Amino acid sequence: MNGPHDLGGQMGFGPVAPETDEPFFHADWEKRALGVTLCAGAMGHWNIDESRHARESLHPAVYYGSSYYEIWTRAVETLLKRHGFLSDAELAAEAALETGTPPRRVLKAADVPAVLARGGPCDRPVAAEPRFSVGQRVRARNMHPTGHTRLPRYVRGRTGVIEAVHGGFVLPDTNAHGQGENPERLYTVVFAGPELWGDGADPTLTVSVDAWESYLEPA
Amino acid sequence: MNGPHDLGGQMGFGPVAPETDEPFFHADWEKRALGVTLCAGAMGHWNIDESRHARESLHPAVYYGSSYYEIWTRAVETLLKRHGFLSDAELAAEAALETGTPPRRVLKAADVPAVLARGGPCDRPVAAEPRFSVGQRVRARNMHPTGHTRLPRYVRGRTGVIEAVHGGFVLPDTNAHGQGENPERLYTVVFAGPELWGDGADPTLTVSVDAWESYLEPA
Amino acid sequence: MSGHAHDHHDHHHDNHLDPMDARVRALETILTRKGLVDPAAIDAIVETYETKVGPRNGAAVVAKAWADPAYADWLKRDATAAIAELGFTGRQGEHMQAVFNTPDTHNLVVCTLCSCYPWSVLGLPPVWYKSPPYRSRAVIDPRGVLAEFGLVLDPQTKVRVWDSTAELRYLVIPMRPAGTESWSEERLAGLVTRDSMIGTGVATAPEAA
Amino acid sequence: MSGHAHDHHDHHHDNHLDPMDARVRALETILTRKGLVDPAAIDAIVETYETKVGPRNGAAVVAKAWADPAYADWLKRDATAAIAELGFTGRQGEHMQAVFNTPDTHNLVVCTLCSCYPWSVLGLPPVWYKSPPYRSRAVIDPRGVLAEFGLVLDPQTKVRVWDSTAELRYLVIPMRPAGTESWSEERLAGLVTRDSMIGTGVATAPEAA
């Protein structure tokens with residue numbers, strides 16, 4: 001979706017504000033928000049693509065008016081409700097009122113190190129030969145799906161060069177919507193600054209994205 | 001600028017909400033906001049392009065979280081401050097504290113009908129022959145200025161057809177920034193839906209924009 | 001729109017708590033004290049758009065175009081002059097263009113970049129016209145938008161969207177309803193809704209009027 | 001950012017009034033009561049990223065790459081394996097790629113679409129990395145962004161921006177500072193800042209360390 005999250009090239013947000021000696025967290029609730037988000041995800045009822053789509057589906061006023069842990073919190077509430085673990089009545093009452101979906105698993109403290117160290121690899125074997133090869137010129141498709149995608153708007157319709165051909169990876173566009181992993185090959189595609197941003201662009205700039213095969217067409 | 005105002009093709013704002021028997025105003029302050037904005041503009045110290053740029057320069061969280069009269073109010077405060085008519089101290093004290101810039105003119109009630117009926121035409125003679133002709137294929141430039149522009153992001157880099165060649169009009173890109181009216185010819189350019197939005201687009205759709213000559217290049 | 005977005009927006013319609021009320025009042029007070037703004041001029045502006053300049057202007061233009069082929073032709077060639085002939089001129093109507101619906105093509109007007117709207121013939125724009133849902137979707141999903149207004153076009157009908165990116169202001173001339181052949185201009189004008197002149201509606205059928 | 005934007009945002013740093021505090025507390029309470037979340041697991045997650053997984057991991061990788069050409073070569077060919085060799089694996093580091101700064105090219109990592117970041121070697125991302133100013137501008141005006149970090153590149157230096165749009169996670173290997181020829185890996189690691197591994201900084205010069 002062309003949502004608020006697709007920020008490449010947008011303007012009007014002001015300067016970057018690096019913090020000296022930035023703390024790990026700026027409030028205790030941020031620690032709990034991180035933990036709740038990871039524990040809820042560890043139940044195994046949704047994947048990272050569905051999580052990302054829940055975040056980018058927040059109203060743009062909310063997305064831009066919220067810190068990132070607030071975005072995470074609002075999104076995990078959405079996911080918990082969608083999958084039957086939480087109700088609006090429970091949130092309003094601040095109490096557990098319903099039985100809800102039984103979880104596939106619950107993350108225990110003792111398992112945290114192993115679970116974090118394992119992560120969630122999303123490479124998958126793909127039998128087909130790559131459609132594109134290193135050095136080939138390709139165009140990022142001018143696509144505007146209403147669902148989740150990972151092709152940012154600023155490269156769509158622009159021409160770049162394949163720099164690396166990777167193996168297969170889970171396709172976010174279907175995986176986010178319960179339509180399967182449909183692994184496709186991934187490519188690193190490099191775009192010249194002026195191709196992306198026009199005549200005034202920094203001529204020394206190149207930008208790469210990692211694009212699934214169906215995001216690309218021969219140039 | 002690629003600001004929050006450039007909404008064509010963005011997603012995530014929800015359904016349109018038509019109101020039955022919508023009132024002219026939803027609160028009394030909206031009436032005063034309209035009047036203050038028009039009266040302040042009638043002093044003659046800024047033009048409509050500078051006004052629009054003040055609105056689109058609001059932080060995106062504010063722009064998307066505000067009603068349109070709130071956007072107008074925040075922008076007119078910016079303009080009044082920029083041109084020396086108002087200070088933050090005055091806004092904080094809710095009182096007139098400083099003399100400020102003398103206004104070129106002040107709109108009186110008796111003059112309102114004539115001023116509104118006259119409006120502010122922005123057609124200007126342009127001596128040069130048009131660079132493009134009706135039926136010609138043109139490409140909207142892939143430009144990303146940091147200042148004001150009226151070429152929406154969704155047509156940039158896309159190819160359309162000149163449908164009408166108009167006369168000269170004040171160029172917003174310079175006029176918004178006190179860099180002169182620099183009138184250029186205006187063209188109505190029509191784009192096919194699939195050219196703008198890709199293969200899934202409504203094949204019966206065409207969209208036109210009105211584009212100044214320097215926004216276009218031969219396709 | 002999610003429940004949280006509603007959390008975020010609802011206060012704009014809650015006049016009792018709206019901080020904009022105090023903010024605009026303070027602004028007007030300061031500017032009045034400084035002699036920059038005349039409150040009576042504000043009253044006159046508000047009165048103009050509440051009582052004088054509104055969609056009845058546009059409806060008169062449309063009705064005349066329906067009733068008088070020569071006028072329709074003039075409107076097609078030089079809308080600014082043809083509309084001025086009826087006395088409708090001025091702010092946000094300085095450069096007008098009339099676009100005519102046909103059995104083949106439905107026209108829809110939007111301003112994706114701000115809130116450009118033909119004030120001189122339609123008055124002040126409605127809230128939805130200025131809001132992100134309409135501005136974002138009219139150019140990519142016009143049929144979806146029209147459905148939210150209860151208007152379902154024939155799939156064969158072409159949709160032409162006019163994005164008001166410059167100072168041209170567009171007035172849609174809806175198709176004249178059947179069964180109105182003998183009607184006066186004044187009676188015809190009663191069929192012309194504001195939405196039909198934006199393109200989010202069509203003219204009212206005589207039996208419904 | 002305008003004063004009004006500050007109005008809008010400042011409450012996020014005012015912990016006393018922050019409604020998020022109550023919201024997250026309620027959420028954790030409900031989920032705990034329902035047996036879906038174990039508060040001790042949350043504690044363990046927080047402790048992991050406060051004390052175990054952070055930029056010192058990445059600094060060890062960089063220092064080893066500086067000290068050991070064979071390791072640097074392995075890191076270039078298969079960063080995931082080379083980094084796992086040092087014990088750094090897992091969440092948001094499953095598929096790693098190391099990108100090496102050279103006298104000609106400076107690398108910069110961003111995630112324009114969300115907040116993708118190599119947790120296994122850098123820990124949790126800083127607030128600015130996840131925020132719209134950085135995410136929007138890194139791909140269109142990287143030199144302007146770097147200047148806000150106090151880093152002014154030679155105009156001849158090429159800037160290569162890596163937008164983390166998939167599950168590959170990028171670790172920038174900054175250039176080894178001159179005058180460190182005899183240094184141990186451990187001492188070298190002390191020169192490797194977090195920002196130098198994102199590309200918003202360079203390694204600390206020995207005289208400044």
Side-chain angles (χ1 to χ4, degrees), chain B residues 5-10 13-18 22 24 26-27 29 31-36 38-39 43 52 55 64-65 67-68 70 73 77 85-86 90 94-96 100 103 106-109 112 116-123 150 152 154 169 186 197 202 204-210, chain C residues 1 8 12-13 15 18 20-21 23-24 26-31 33-38 40-46 48-50 89-91 93-95 112-115 124 126-128 130 132-136 139-140 142-143 145 148-149 157-163 165-168:
Chain B
H5 66 296
D6 190 356
L7 279 163
Q10 286 299 107
F13 292 99
V16 180
E22 173 167 320
F24 290 111
H26 290 79
W29 70 262
K31 302 179 187 180
R32 311 314 289 178
L34 169 71
V36 165
L38 267 55
C39 288
M43 293 193 295
R52 288 194 183 121
R55 291 167 196 158
Y64 295 139
S67 70
Y68 216 78
E70 183 170 344
T73 302
E77 288 174 355
F85 295 104
L86 182 69
E90 288 177 319
E94 300 191 8
V106 171
L107 180 60
K108 294 293 168 193
V112 164
L116 292 180
R118 192 165 59 238
C122 33
D123 51 335
R150 295 288 290 182
Y154 74 90
F169 282 83
L186 191 72
W197 309 115
D202 184 343
T204 75
L205 171 64
T206 53
V207 179
S208 65
V209 302
D210 295 321
Chain C
M1 193 182 290
H8 193 93
H12 296 301
H13 297 293
N15 301 333
D18 196 333
M20 287 307 295
D21 190 72
R23 185 169 187 157
V24 174
L27 183 61
E28 183 182 342
T29 302
I30 298 168
L31 298 178
R33 294 264 164 78
K34 297 181 89 160
L36 303 173
V37 156
D38 173 8
I42 298 181
D43 295 340
I45 290 166
V46 170
T48 299
Y49 292 107
E50 282 191 327
T89 64
R91 189 183 173 85
E94 296 90 342
H95 313 287
T112 61
L113 297 176
C114 53
S115 61
L124 298 175
V127 169
W128 58 259
K130 302 182 281 186
Y134 183 73
R135 290 166 52 196
S136 59
V139 291
I140 189 172
R143 286 177 196 270
V145 167
E148 285 163 20
F149 285 86
T157 302
K158 293 182 188 130
V159 179
R160 167 63 183 274
V161 180
W162 302 78
D163 190 357
T165 57
E167 301 306 330
L168 302 182

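Predicted model only: the values in this text are computed from it and were never measured. A note on names: the letters A, B, ... follow the listed sequences, proteins ahead of strands, and every chain is numbered from 1.
Residue B:Val16 touches chain C through both its backbone and its side chain, counting heavy-atom pairs closer than 4.5 Å. In this structure, the portions of C:Leu113 lying under 4.5 Å from any heavy atom of chain B include both its backbone and its side chain. Interface residue B:Phe169: only side-chain heavy atoms are found under 4.5 Å from chain C. At a 4.5 Å heavy-atom cutoff, the contact between B:Leu34 and chain C is made by side-chain atoms alone. Heavy-atom distances place no part of B:Arg55 under 4.5 Å from chain C, backbone and side chain included. Heavy-atom distances place both the backbone and the side chain of B:Gln10 under 4.5 Å from chain C. With a threshold of 4.5 angstrom between heavy atoms, B:Ala33 approaches chain C through its backbone and through its side chain. Contacts between B:Ala117 and chain C at a heavy-atom distance below 4.5 Å involve backbone atoms as well as side-chain atoms. Heavy-atom distances place both the backbone and the side chain of C:Ser115 under 4.5 Å from chain B. Contact annotation for B:Asp6: both backbone and side-chain heavy atoms come within less than 4.5 Å of a heavy atom of chain C.
Taken from CG in C:Asp18 to NE2 in B:His26, the straight-line distance is 12.5 Å, to the nearest 0.5 Å. To the nearest 0.5 angstrom, B:Asp210 atom CG is 8.0 Å from C:Trp162 atom CH2. Rounding to the nearest 0.5 Å places CD1 of C:Ile42 at 4.5 Å from CZ of B:Arg32. Of the inter-residue distances, the one linking C:Arg23 atom CZ with B:Thr73 atom OG1 reads 7.5 Å to the nearest 0.5 angstrom. Separating the OG1 atom in C:Thr165 from the CZ atom in B:Arg150 is a distance of 6.5 Å, to the nearest 0.5 Å. Rounding to the nearest 0.5 Å gives a distance of 5.0 Å between CD1 of C:Ile45 and CG of B:Leu38.
The greatest number of non-hydrogen atom pairs below 4.5 Å with chain B, out of C:Ala44, C:Pro142, C:Cys114, is found for C:Cys114. The greatest number of non-hydrogen atom pairs below 4.5 Å with chain B, out of C:Ser136, C:Gly90, C:Ala41, is found for C:Ser136. Across C:Glu148, C:Arg33, C:Lys34, the residue that shares the most heavy-atom pairs under 4.5 angstrom with chain B is C:Lys34. Between chain B and the options C:Thr157, C:Asp43, C:Asp38, C:Val37, the largest number of non-hydrogen pairs under 4.5 Å is found for C:Asp38. Chosen from C:Thr29, C:Leu124, C:Val145, the residue pairing most often with chain B at heavy-atom distances under 4.5 Å is C:Leu124. Among C:Glu28, C:Arg135, C:Lys130, the residue making the largest number of heavy-atom pairs under 4.5 Å with chain B is C:Arg135. Each of B:Pro103, B:Pro121, B:Ala95, B:Cys39 has some count of heavy-atom pairs under 4.5 Å with chain C, and the biggest count is that of B:Pro121.
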Test side chain to side chain contact (heavy atoms under 4.5 Å, CB included) applied to B:Leu186 and C:Leu168, step by step: CA-CA 10 Å; B:Leu186 191 72; C:Leu168 302 182; 4.1 Å; yes
C:Lys158 vs B:Thr206, side chain to side chain contact (heavy atoms under 4.5 Å, CB included): CA-CA, chis, key distance, verdict: CA-CA 8 Å; C:Lys158 293 182 188 130; B:Thr206 53; over 6 Å; no
Trace of the side chain to side chain contact (heavy atoms under 4.5 Å, CB included) decision for C:Val46 with B:Phe24: CA-CA 9 Å; C:Val46 170; B:Phe24 290 111; over 6 Å; no
Derivation and outcome, side chain to side chain contact (heavy atoms under 4.5 Å, CB included), residues B:Thr204 and C:Arg143: CA-CA 10 Å; B:Thr204 75; C:Arg143 286 177 196 270; 2.8 Å; yes
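The two residues C:His95 and B:Cys122 come nearest to each other via the heavy atoms NE2-N, 3.1 Å. The minimum heavy-atom distance linking B:Phe13 with C:Pro133 is given by the pair O-CG, 3.4 Å. Between C:Asp163 and B:Pro152 the shortest heavy-atom distance is OD2-CG, 4.0 Å.
Taking the side chain as every heavy atom from C-beta outward, B:Trp197 and C:Val139 approach each other to under 4.5 Å. When side chains are defined from C-beta on, C:Ile140 does not count as touching B:Tyr154, because their heavy atoms never get closer than 4.5 Å.
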